[in-house]
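To start, the structure itself, in structure tokens.
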Amino acid sequence: MFDSIDATLATLARSPWVLLVVGLLAAADALVPLAPSESTVIAVAVASAATGRPPLVVVVVVAALGAYGGDWLAYRLGRRFGPAMTARLRRHRRTRTAAELAHRVIHRRGRALIVFGRYLPGGRSATAITAGLVGYPPGRFQRFTALAVTVWAAWAALLGYGSSIFLDGRPTRALVLACAIAPVSAVAIGLARRLVTARAASATTS
């Protein structure tokens, strides 16, 4: 069974469409959180380690560019509908309080949320759209998003590539290992995010 899956991964890695799939899924994940962007990058990186195709650097670049485009689109959608939605929310006290809280959180801790929020289920799309809704500065959003997508793409690709190297080029076992490690490392990243935001909150109030 493993041999057949290994052969399938090798065939996919040689496909001229594989990088297009990586980029499109990385972009779609910003609007459809169930899109398997992370597992796709890991799988292609596993195949890259086993076959040399596609080159790992290219996988990282394509995944980062796709993720950046998806995040920017989600942000622009938030900007497009932000004024109307904000006016609607401010009509009622409860929703007005929620809107004001979202505005404060994004403007005070936007950097940490943009960089680390993508590792939480639905966190990437929620952060990007909310940043647009509350009018987070576009230049700042672009800078932090560029950093975030680069780190994310490199993390997913190196996780897959490293697992394949560790298991001596057995792609299927490497894919299983990498997909098992990914949630654990995402939890660690989430804890780091909480630490960073807690320090930011402490600095703001001091």
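In this chain, residues are counted from 1 in sequence order. Not measured: the values here are computed from a predicted model.
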For Val44, does its backbone N or O pair with a side-chain atom of Ser48 as donor and acceptor, under 3.5 Å?
no
List the atom of Val46, the atom of Ser164, and the distance in Å for their closest heavy-atom pair.
O-OG, 3.5 Å
In Å and rounded to the nearest 0.5 Å, what is the CD1 to CG distance from Ile42 to Leu159?
4.5 Å
side-chain contact (heavy atoms from CB on, under 4.5 Å) evaluation trace for Leu77 with Ile129
CA-CA 7 Å; Leu77 287 174; Ile129 292 174; 5.6 Å; no
Straight-line distance of Asp29 CG to Leu24 CG, nearest 0.5 Å
12.5 Å
Would you name the heavy atoms of Trp152 and Ser37 that are closest together and state the gap between them?
CZ2-OG, 3.8 Å
Chi angles and distances behind the side-chain contact (heavy atoms from CB on, under 4.5 Å) call for Leu147, Val115:
CA-CA 7 Å; Leu147 171 63; Val115 173; 4.2 Å; yes
Interatomic spacing from CD1 in Ile114 to OG1 in Thr127 - rounded to 0.5 Å
7.5 Å
Treating Ile, Leu, Val, Met, Phe, Trp and Tyr as nodes and any side-chain heavy-atom pair under 4.5 angstrom as an edge, say whether Val134 and Phe144 lie in one connected cluster.
yes
Verify same cluster id: Val62, Val59 (apolar side-chain graph, 4.5 Å):
yes
From OG1 (Thr145) to CZ (Arg143), nearest 0.5 Å:
10.5 Å
All heavy atoms of Ala64 vs all of Ala153, minimum pair found to be N-CB, 3.8 Å
According to a hydrophobic-cluster definition based on side-chain heavy atoms being under 4.5 Å apart (Ile, Leu, Val, Met, Phe, Trp, Tyr only), do Leu19 and Leu25 belong together?
no
Taking the inter-plane angle between the rings of Tyr136 and Phe141 on a 0 to 90° scale, is it parallel (under 30°), tilted (30 to 60°) or perpendicular (over 60°)?
perpendicular
Tell me the closest heavy-atom pair linking Arg79 and Pro138, and the distance in Å.
NH1-CD, 4.2 Å
Is the backbone N or O of Leu31 less than 3.5 Å from a side-chain atom of Ser125, with the two atoms forming a donor-acceptor pair by type?
no
Looking at every non-hydrogen atom in both residues, tell me the closest pair between Val41 and Ala157 and how far apart they are.
CG1-N, 3.8 Å
Spacing of Tyr75 atom OH and Trp72 atom CH2 [to the nearest 0.5 Å]:
5.5 Å
When you group the ILVMFWY residues by side-chain heavy-atom contacts below 4.5 Å and let the links chain together, are Val21 and Tyr68 in the same group?
no
Do Leu158 and Ile165 share a hydrophobic cluster, counting only Ile, Leu, Val, Met, Phe, Trp and Tyr and linking them when any side-chain heavy atoms are less than 4.5 Å apart?
yes
Out of Gln142, Arg76, Arg124, which one pairs with Asp71 under the side-chain contact (heavy atoms from CB on, under 4.5 Å) rule?
Arg124
Using a 3.5 Å distance criterion without hydrogens, assess whether the side chain of Arg118 forms a donor-acceptor pair with backbone atoms of Ala67.
no
